[in-house]
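One structure below.
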Protein chains: 2
Amino acid sequence: MKSESIGNYLKAIYQIQERQNDQPVSTTRLAAQLGVASASVTGMLKRLSAGEPKLVDYEPYYGATLTEAGRKSALELIRHHRLIESYLNQALGYPWDAVHAEAERLEHVISEEMEERLAAALGHPATDPHGDPIPDREGHFEKRDDPCLADLADGQRAEIRRVVAQEPELLRYLAGLGLTPSVQFELVSSAPFNGPVTLRVLGAQPSERVIGREIAEKILVAPLHSTITEPSHE
Amino acid sequence: MKSESIGNYLKAIYQIQERQNDQPVSTTRLAAQLGVASASVTGMLKRLSAGEPKLVDYEPYYGATLTEAGRKSALELIRHHRLIESYLNQALGYPWDAVHAEAERLEHVISEEMEERLAAALGHPATDPHGDPIPDREGHFEKRDDPCLADLADGQRAEIRRVVAQEPELLRYLAGLGLTPSVQFELVSSAPFNGPVTLRVLGAQPSERVIGREIAEKILVAPLHSTITEPSHE
DNA sequence: TCCAAAAATTAGGTAAGCCTAAATATTAAG
DNA sequence: CTTAATATTTAGGCTTACCTAATTTTTGGA
């Protein structure tokens with residue numbers, strides 16, 4: 001990687017593109033994600049699209065997309081990040097809300113050797129503590145399109161697969177509610193008008209949880225086959 | 001730490017001062033250690049002695065010494081470095097010749113939390129894989145003044161305490177000879193005119209080793225009480 | 001279609017850290 | 001004690017990665 005800054009741009013472009021079906025990323029969006037001024041982004045995009053190797057395709061006033069080389073670099077950083085998060089959590093006992101910040105700095109400086117050793121020590125895990133998939137060394141990973149908790153029908157059972165968030169406060173809140181990957185639950189009800197979502201955590205006492213819609217959309221799940229249909233009251 | 005570069009200057013000044021009884025460090029010496037031009041060093045020394053907090057005392061044409069604040073920062077980095085080396089070696093199975101390079105980058109980015117967790121995971125070790133002492137969080141550590149292997153008298157037995165080197169080739173060479181910290185040996189002879197040093201590794205088969213004087217001076221030892229006096233031939 | 005708001009770019013600046021070349025200080029040797 | 005060699009600093013430049021302010025382009029509504 002040319003520099004830490006360049007890596008951060010590539011990661012940001014990758015992540016934004018991922019959320020918007022590979023559409024070009026706007027200057028403003030990137031600036032917001034990176035916390036820098038738009039003018040700085042314009043400058044960097046020019047550099048990235050001019051340099052050798054070309055890391056992004058950039059069309060002024062239109063947007064930026066990663067080239068294959070840029071995608072490769074972004075995924076390598078993401079692999080580093082998620083392996084480090086996993087390692088900090090599993091080997092060093094970090095709580096899941098603290099791993100992101102540490103990984104954010106470490107991801108830029110670890111060697112290929114360290115990457116390999118971390119992966120090996122963890123048994124080559126497929127996901128990090130938040131359920132985010134860890135790309136392999138070639139940048140491949142299973143692309144899932146899990147529905148979010150808010151998409152479930154009332155009475156449906158599901159397992160938490162992934163929590164799309166890194167804010168420590170939110171993560172601590174969810175951990176406090178027992179809503180972490182691999183936990184199973186049954187959706188009780190989704191209030192209308194984007195109201196709160198009520199669910200029952202299987203095997204927890206007490207089991208009922210009520211969370212806001214916004215948060216429910218950040219929890220990705222895998223519906224379970226054995227759906228128990230509750231008698232509907234109306 | 002203000003920046004990675006500043007950290008490297010502080011570490012370098014500390015290490016040079018250590019080797020020359022806290023005497024002021026010259027621009028040229030620092031430049032050589034850091035691999036930068038002398039003019040760059042002059043510029044940085046000005047910054048370091050002007051900034052708040054003041055990290056070095058700098059007298060143009062005379063030299064630089066660390067202030068108490070500079071020493072603190074340098075020792076924190078050194079603590080990071082040695083803890084990381086130890087961890088890489090013990091927990092991740094790195095060979096001792098590979099830990100330095102990785103630690104050199106990681107030392108600048110780990111948090112206080114990670115420092116603590118590494119130390120705890122290792123049981124708060126006193127030395128790193130090369131036998132270098134690890135300062136505690138306050139920057140305190142036992143200052144020893146171990147003699148080097150070349151200082152021993154013929155027939156004297158000793159234990160290797162520390163190997164003052166980070167070049168991978170040299171470290172691999174020594175590991176190949178079985179000359180690593182805590183290994184015990186008996187000095188057979190020190191050839192005159194700075195000639196090679198011959199020794200017998202206790203409990204090794206074959207046990208005889210012959211190393212150059214220069215290398216022998218990088219191996220610090222602790223003489224053992226039970227000295228066996230060989231019959232002197234002349 | 002025209003025009004104001006929003007988005008993006010250009011222009012001009014800053015700080016960190018490096019560089020080379022030129023100037024100056026110090027030191028050591030005759 | 002002078003001078004040549006060596007050490008150090010100053011002067012002037014470069015790149016990266018930011019910034020703010022001004023300008024230009026695009027877009028969406030009346």
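Chain letters run A, B, ... following the sequence lines, proteins first, then strands; residues in each count from 1. Keep in mind the model is a prediction, meaning the values are calculated, not measured.
One finds a side-chain N or O of B/Lys46 lying less than 4.0 angstrom from the OP1 or OP2 phosphate oxygen of D/dT10. OP1 or OP2 of C/dA16 has not a single side-chain nitrogen or oxygen of B/Lys2 nearer than 4.0 Å. Using a 4.0 Å cut-off, no side-chain N or O of A/Ser26 falls inside it from OP1 or OP2 of C/dA7.
Rounding to whole angstrom units, OH of residue B/Tyr58 and P of D/dA7 are separated by 15 Å. In this structure, the CD atom of B/Glu59 is 10 Å from the P atom of D/dT9, given to the nearest Å. At whole-Å resolution of the value, CG in B/Leu55 and P in C/dA16 are 13 Å apart. With rounding to whole Å, B/Tyr61 atom OH is found 5 Å from C/dA25 atom C1'. For the pair A/Glu4 CD and D/dT15 C1', the computed distance is 17 Å after rounding to whole Å. As a whole-Å value, the separation of A/Ile6 CD1 from D/dT16 P is 8 Å.
A cation-pi contact, defined as under 6.0 Å to the ring centre and within 45° of the axis, is absent between B/Arg71 and B/Tyr14.
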Report the C-alpha separation of B/Val197 and B/Leu152 in whole Å, then their side-chain angles, then the decisive distance to 0.1 Å, and conclude whether the side-chain contact (heavy atoms from CB on, under 4.5 Å) test is met.
-> CA-CA 10 Å; B/Val197 175; B/Leu152 296 175; over 6 Å; no
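Summarising the local packing, CD of B/Glu214 is surrounded by 12 or fewer heavy atoms from other residues, nucleotides or ligands at distances under 6.0 Å. Sparse packing is recorded around NZ of A/Lys2, with 12 or fewer heavy atoms of other residues, nucleotides or ligands lying under 6.0 Å away.
Take B/Arg137 and apply the salt bridge (Lys or Arg N to Asp or Glu O under 4.0 Å) test, not counting sequence neighbours, and it matches B/Glu116.
Side-chain contact between B/Arg161 and B/Val221 is absent, with no heavy atoms from C-beta onward closer than 4.5 Å.
Atom-to-atom distance recorded for A/Tyr9:OH and A/Leu45:CG is 7.5 Å, nearest 0.5 angstrom.
For residues 7-17 of chain B, proximity to DNA chain C is found at B/Tyr9, defined as any non-hydrogen atom under 4.0 angstrom from a strand atom. Residues from residues 34-45 of chain B placing a heavy atom under 4.0 Å of any atom in DNA chain D, listed by number, are B/Ser38, B/Ala39, B/Thr42.
A centroid separation of 6.0 Å or more is found between the aromatic rings of B/His108 and B/His80.
Using a 4.0 Å cut-off between charged side-chain N and carboxylate O, B/Glu107 and B/Lys11 make a salt bridge.
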